[in-house]
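Shown next, in structure tokens, is the structure this report addresses.
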Amino acid sequence: MSKFWKPGTERPRSSLIDDEEGGVLFVSASASSSGFGYSTLERQRQRLPVFKYRTAILYLVENHATTIIVGETGSGKTTQIPQFLKEAGWAEGGRIIACTQPRRLAVQSVSARVAEEMGVKLGEEVGYTIRFEDVTNPGVTMIKFLTDGVLLREMMDDPLLTKYSVIMVDEAHERSISTDILLGLLKKIQRRRPELRLIISSATIEARSMSNFFHDRKRNQGDAANDSAPNTVPAILSVEGKGFTVEIYYLEEPCSSYLQAAVDTVLSIHDKEPVGDILVFLTGQDDIDAAVQLINENAQDHRSHSSGLLVLPLYSGLSRSDQDLIFAPTPKGKRKVVISTNIAETSLTLDGVVYVVDSGFSKQRFYNPITDIENLVVAPISKASARQRAGRAGRVRPGKCFRLYTEEYFMKEMSAEAIPEMQRSNLVGSVIQLKSLGIDNILGFDWPASPPPESMVRALEVLYSLGVLDEDAKLTSPTGFQVAEIPLDPMISKMILSANTYECTEEIIIIAAVLSMQSIWVSARGVQKEFDEAKLRFAAAEGDHVTYLNVYKGFIQSGKSSQWCYKNYINYHAMKKVVDIREQLSKLLKRFGMSLKSCERDTQKLRKAIVAGFFANSCHLEAYSQNGMYKTIRHSQEVFIHPSSVLFRVNPKWVIYHSLVSTDKHYMRNVMAIDPDWLIEAAPHFYQHKRPNLSAPF
DNA sequence: GAGCACTGC
């Protein structure tokens, strides 16, 4: 191993943050059990005391700061903060302490842990809210966990979040769209509610930029004379990770194929290193399946070396039962090797991992506002991501991380932080959310990271064409407000509202629910023929949307049977979610005063409703095209019907699609045949080039 | 006849 590997000089867990402005407290995991603790090393370096965690948090919340940035690296300590705050009386008088997480699963598990530590029943003093699940007791719940998306939704009814005395945002370094919107809004709320305390928990590496974002210099100067005013300089608290040390190894020379390098490294670890499971980070399903096969083949070739390996793939497309194999205890005498996408970086935690192999790449979404196309490309990860991956090796005991790139590459080429999701996504959903919260000057909104202006303008343009915004870029009434309230992509929401006019809401909310899923089919490699046959049983001449209606009917007629799903290559969990979303939409429509109506067999009605939402995604089959090439009406972009569509090789003259998948070609997914006259009917303004100058009002 | 990193309301 020494031939290829060079030990790294970087520590995976960065410890302290330099701060020339003062006001920074450091907390050491080794601080004594009560009162103030001091860490000699840190004190010498920083000339600052080190407080005990609890004392530091309370000192800051009570006396000093309106905003506290907790810089930590997987310490797991943030579950204690809400408990400290409750003890200190921040949840008294009907006030609630809110704690957000970016993921539903994290909300459930963290709230359960806190309830257990406090010895209370979940849903009483400690509760949680995620979509479709409200486990809180109004008047009783003092600490409430929720996804940041749910908190944003709550702001539509209560823009200043008046119920909450403290809001803690966890995992802020992940920089998801909803976290970034939330942070921007919280900064605004703080000006109106100086008593609101914010605690932002972030990986150490991002703490400095978070602090800069919340440091409102203008306001601070104005308040300088007033000693009693809350301090607007955010305090940074650095918490040392509780994880074990992870030794980092780099390649001495760059490799030409990370796939082959990963396979070689796994075999080498198995050969030379003591017991402990291996976690390998690759980019996607193709790579992962190939790596699993290569390792297994090698195991057969060299029985003495590679036997005893249990190689398992892990990605979100796998069925639930296949994913669960990862968590089964490793049989005696075996070494588990999990080959995974980024899902193991944040969403799933594996116990027993001692070795991590990091390819240095992941699939990332990029959005081109000019063509309005989102692309999924393999791209280098950030230093922050590399550290997070390495940290996965140190959960049970000291571990090792093998990076399939050189140290020089890590130091000089890798960017420190990932590009925030905001800057590489389509923003229609975010723009309408801000509009509905009364943020009129979207381009001037104070984001933690500003999105490209082109993406903003594109989003405003789309919303205008949908009739959601008027010419002054204000939400239209009632359409704009209703679209904002429906928790789906605005084009889908517009389709639902139009279904009221075309009297087919019953059908459309089912289609809307299915379109909100990744896919309702199970991935069926190796049984392609059977899979295609199963699909044909539901296929409709109109296209994929009506096909989904047939699947849903079948599912309901089967009594929502998982067996039926299995037989028909349908994802049971996805169908259950479709049922939930359909239910949520039906309640929403009732609130809008719309009743559910069925168009029965008249599919023309529902196709017109679909066009009313998706007219911008219309395409025409190229005349004389031998290979089924279409061109989009908007940008004359060459596109093709995806082979998974029921309209593949049928090639109707005019179609609309729900989304594009871009690989070597642009493929349309979820395709429906239309009559071009419907386009003019749905969006005369869009197709007759009478649009006003959209950039003017912004 | 080809392919879907990962969340969320």
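So that the names make sense, note that chain A is the first sequence line, chain B the second, and so on, each numbered from 1.
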If you check every side-chain atom of [X], which of [options] has the closest atom?
X        : options             : result
A:Ser347 : B:dA2, B:dT7, B:dC4 : B:dT7
A:Arg131 : B:dC6, B:dC9, B:dG1 : B:dC9
A:Gln285 : B:dA5, B:dC6, B:dG1 : B:dA5
A:Lys363 : B:dG1, B:dC4, B:dC9 : B:dC4
A:Arg649 : B:dG8, B:dG1, B:dA5 : B:dG1
A:Ser316 : B:dC4, B:dC6, B:dG1 : B:dC6
A:Tyr315 : B:dC9, B:dC6, B:dG8 : B:dC6

For [N], take OP1 and OP2 only and decide whether either is under 4.0 Å from a side-chain N or O of [X].
X        : N     : answer
A:Thr346 : B:dC6 : no
A:Arg153 : B:dG8 : no
A:Ser644 : B:dA2 : no

Roughly how many Å is it from [atom1] in [X] to [atom2] in [N], rounded to a whole number?
X        : N     : atom1 : atom2 : value
A:Leu348 : B:dT7 : CG    : C1'   : 12 Å
A:Asp286 : B:dC4 : CG    : C1'   : 10 Å
A:Asp580 : B:dC9 : CG    : P     : 12 Å
A:Tyr367 : B:dC6 : OH    : C1'   : 20 Å
A:Glu345 : B:dT7 : CD    : C1'   : 13 Å
A:Asp180 : B:dT7 : CG    : P     : 19 Å
A:Arg365 : B:dC4 : CZ    : P     : 14 Å
A:Gln364 : B:dA5 : CD    : P     : 13 Å

Examine distances only and state if a side-chain atom of [X] and a backbone atom of [Y] form a donor-acceptor pair shorter than 3.5 Å.
X        : Y        : result
A:Ser362 : A:Ile381 : no
A:Thr141 : A:Ile143 : no
A:Lys631 : A:Glu638 : no

Check your understanding: Would A:Arg669 count as a cation-pi partner of A:Tyr657, with NZ or CZ less than 6.0 Å from the six-membered ring centre and within 45° of the ring normal?
Key ->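 No; the conditions do not both hold, so A:Arg669 does not lie above the ring face of A:Tyr657.
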Check your understanding: A:Tyr128 ring centre to A:Lys144 NZ or CZ under 6.0 Å, with the angle to the axis within 45°?
Key -> no
Exercise for review: Map A:Arg424 and A:Ser516 onto DNA chain B by nearest heavy atom, then report which one ends up closer to the 5' terminus.
Suggested key: A:Arg424
Review point. Between A:Thr341 and A:Pro643, which is nearer to the 5' end of DNA chain B once each is assigned its nearest nucleotide?
Key: A:Pro643
Practice item. Indicate, with a heavy-atom threshold strictly under 4.0 Å, whether A:Ser178 touches base, sugar-phosphate, or nothing. Key: nothing
Review point. If you look at every strand shown and take non-hydrogen atoms under 4.0 Å, does A:Leu376 touch a base, only sugar-phosphate, or nothing?
Key: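 Base, at least one base heavy atom under 4.0 Å.
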Check your understanding: Of all heavy-atom pairs between A:Met672 and A:Glu542, which one has the smallest distance, and what is that distance?
Key ->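 So the two residues come closest at CG-O, 3.3 Å.
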**Study point:** Quiz item: A:Asp489 side-chain donor-acceptor pair to B:dG8 base, under 3.5 Å
**Key:**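 When only heavy-atom distances are counted, A:Asp489 does not reach the base of B:dG8 through any donor-acceptor pair under 3.5 Å.
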Check your understanding: Among pairs that include at least one residue of residues 568-586 of chain A, which meet salt bridge (Lys or Arg N to Asp or Glu O under 4.0 Å), considering only residues two or more places apart or in two chains?
Key ->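 Pairs touching residues 568-586 of chain A that pass the test: A:Glu506-A:Arg582.
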Review point. Who passes side-chain contact (heavy atoms from CB on, under 4.5 Å) against A:Val551, sequence neighbours left out?
Key: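 With sequence neighbours excluded, A:Val551 shows a side-chain contact (heavy atoms from CB on, under 4.5 Å) to A:Ile520, A:Trp521, A:Phe538, A:Trp564, A:Ile570, A:Met575, given in chain and number order.
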**Study point:** DNA chain B contacts made by residues 143-150 of chain A, counting heavy atoms under 4.0 Å
**Key:**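 Nucleic-acid contacts, sorted: A:Thr147, A:Gly149, A:Val150.
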